[in-house]
2 protein chains.
Amino acid sequence: MIKKDRFNNDLQQLAAFAKVLAHPARLAILQFLSQSKTCISGDISEHLPLSRTTVSQHLSELKKLGLIHGEIEGTKVNYCLCSSSIASFLTKMEAFFEPIKNCEMSCETNHE
Amino acid sequence: MIKKDRFNNDLQQLAAFAKVLAHPARLAILQFLSQSKTCISGDISEHLPLSRTTVSQHLSELKKLGLIHGEIEGTKVNYCLCSSSIASFLTKMEAFFEPIKNCEMSCETNHE
DNA sequence: AAATAATGTCGTATGTTTGCGTCATTAAAC
DNA sequence: GTTTAATGACGCAAACATACGACATTATTT
């Protein structure tokens, strides 16, 4: 295994972004952070049906890719979205799908 | 485990879409299908650094979500993009990220 | 300094994905 | 009707992800 490396870098980066979005908990975290105007800390876990440690783990996945930041403030940590990095991934995503959306030779017409 | 079910349906659907995009081989397949105007069959495997069986597996993941179609033609199968379904997932994706992109309270300003 | 609170790290169990070889099936070519 | 070709289904091993409790760390509060 470990065959992913044989693919080109752009595809790997996009795949990594998609992977981080591939769990509802992480999507929920992003959503929560965008709603709670004050970058509220680990009481994110209060709002999710998962244990605190599991949430912490999902948070660090998001952090690893740079989609969020954590700012220590005393004994708490304030997490918040990193919009610029999110926007940059989204741009890559759109660029990838542009030729795919406009592909004439899709077989819509041949199917019921 | 099996805790994903506790999240709302929209998030689960989006996560499922992201999951299917979360492997470079599957992205490469989508890309290949958009380029090769004639919906060419399993010689997709010729173009990927993976065995035929593995590629076939990735193809069925894509098919399961409805991103591609396979049309049997004799002993071969012609795969092709299902643009409408792809477009519909992309729309959901954009809708999800709209409030996230526009979130004022991201902490860009607080970071280097 | 001791107690409390918030959080991250580690280990571990269970579940899922990836990758592949072998086999079965189907259809065309001979 | 055999052979050949293309493909999917099955089963397995290795790798990875998910979920959590127990422990360690740090910073406030007392």
Side-chain angles (χ1 to χ4, degrees), chain A residues 1-7 11-12 15-30 32-33 36 38-65 67-80, chain B residues 1-7 11-12 15-30 32-33 36 38-65 67-80:
Chain A
M1 288 124 192
I2 321 163
K3 291 247 171 163
K4 295 185 184 179
D5 309 342
R6 303 192 185 169
F7 292 91
L11 293 187
Q12 287 191 54
F17 179 53
K19 186 181 248 168
V20 121
L21 303 180
H23 195 293
R26 291 190 288 266
L27 295 176
I29 290 172
L30 293 177
F32 181 81
L33 287 178
S36 65
T38 75
C39 303
I40 284 184
S41 82
D43 60 3
I44 295 165
S45 4
E46 304 283 299
H47 292 257
L48 296 186
L50 292 171
S51 84
R52 195 190 56 73
T53 9
T54 304
V55 171
S56 170
Q57 221 163 168
H58 284 304
L59 284 167
S60 64
E61 298 275 341
L62 289 164
K63 203 159 59 177
K64 205 169 66 187
L65 239 208
L67 304 192
I68 65 175
H69 278 129
E71 213 171 300
I72 297 168
E73 200 160 290
T75 157
K76 302 191 177 189
V77 176
N78 284 354
Y79 280 104
C80 54
Chain B
M1 289 128 193
I2 320 165
K3 292 244 171 167
K4 295 185 183 179
D5 310 341
R6 302 193 188 168
F7 292 91
L11 293 187
Q12 287 192 53
F17 180 54
K19 184 181 252 171
V20 121
L21 302 180
H23 194 293
R26 290 190 288 265
L27 295 177
I29 289 171
L30 293 177
F32 180 81
L33 287 178
S36 66
T38 75
C39 303
I40 282 185
S41 81
D43 59 4
I44 295 165
S45 1
E46 304 284 299
H47 292 258
L48 296 186
L50 292 171
S51 84
R52 194 190 55 74
T53 11
T54 304
V55 171
S56 169
Q57 220 163 168
H58 285 304
L59 283 167
S60 64
E61 299 274 341
L62 290 164
K63 204 159 59 177
K64 205 169 64 187
L65 239 207
L67 305 191
I68 64 175
H69 277 130
E71 212 173 302
I72 297 168
E73 198 161 292
T75 156
K76 302 191 174 185
V77 176
N78 284 353
Y79 281 104
C80 54

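Order of the sequence lines fixes the chain letters, A, B, ..., with proteins taken first and strands second; residue numbering starts at 1 for each chain.
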What residues form a side chain to side chain contact (heavy atoms under 4.5 Å, CB included) with A:K63, not counting sequence neighbours?
-> A:I68, A:Y79
Report the residues that fulfil side chain to side chain donor-acceptor pair (under 3.5 Å) with B:T53, sequence neighbours left out, ordered by chain and then residue number.
-> B:S51
State which residues pass side chain to side chain contact (heavy atoms under 4.5 Å, CB included) with A:V55; sequence neighbours excluded, sorted by chain then number.
-> A:I29, A:I44, A:S45, A:L48, A:L50, A:L59
Quickly work out the A:N78 CG to C:dG8 P distance and round it to whole Å.
-> 11 Å
Identify all pairs in which a protein N or O lies below 3.5 Å from an N or O of nucleotides 10-12 of chain C, and state each distance.
none

State, with a plain yes or no, whether a side-chain heavy atom of A:F17 is found less than 4.5 Å away from one of B:L21.
-> no
For A:R26 and A:K19, indicate whether the former's side chain and the latter's backbone hold a donor-acceptor pair under 3.5 Å.
-> yes
Given C:dT17, is OP1 or OP2 found less than 4.0 Å from the side-chain N or O atoms of A:K19?
-> no
Minimum-distance pair of heavy atoms, taken over all atoms of A:L11 and B:P24 = CD1-O, 3.9 Å
Expressed in angstrom and rounded to an integer, what is the separation of A:H23 atom NE2 from C:dT16 atom C1'?
-> 11 Å
Please work out which of the three classes, parallel, tilted or perpendicular, describes the rings of A:F32 and A:H47, given edges at 30° and 60°.
-> tilted
A:E71 atom CD is separated from C:dG8 atom C1', nearest whole Å, by 17 Å
The reported gap from NE2 in B:H58 to CG in B:L30 (rounded to nearest 0.5 angstrom) is 11.5 Å
Atom CG of A:L59 and atom C1' of D:dA19 are separated, to the nearest Å, by 14 Å
Spacing between A:E73 atom CD and C:dA5 atom C1', to the nearest angstrom = 15 Å
Look at the side-chain N and O atoms of B:H58 and state whether any lies under 4.0 Å from the OP1 or OP2 oxygen of C:dT17.
-> no
B:Q12 CD - D:dT18 C1' separation (whole Å) = 15 Å
List, with names and distances, any nitrogen or oxygen atoms from the protein found under 3.5 Å away from nitrogen or oxygen atoms belonging to nucleotides 4-6 of chain D.
{"from": "D:dA6", "atom 1": "O4'", "to": "B:T75", "atom 2": "OG1", "distance (Å)": "2.8"}

Starting at OG of B:S36, measure out to CG of B:D43 and round the result to the nearest 0.5 Å.
-> 8.0 Å
Establish, with yes or no, whether the OP1 or OP2 oxygen of C:dA6 is under 4.0 angstrom from a side-chain nitrogen or oxygen of A:Y79.
-> no
Between the axis at one end of the helix from C:dA1-D:dT30 to C:dC30-D:dG1 and the axis at the other (five pairs apiece), what's the angle to 10 degrees?
-> 10°
Value in whole Å for how far the P atom of C:dT9 lies from CD1 of A:I72 = 10 Å
Return no unless some side-chain N or O of B:S51 is found under 4.0 Å from OP1 or OP2 of C:dG19.
-> no
Hey, is the side chain of B:S56 poking within less than 4.0 Å of OP1 or OP2 on D:dT7, counting only N and O atoms?
-> no
Roughly, in whole Å, what's the span from CD in B:E61 to P in C:dT16?
-> 13 Å
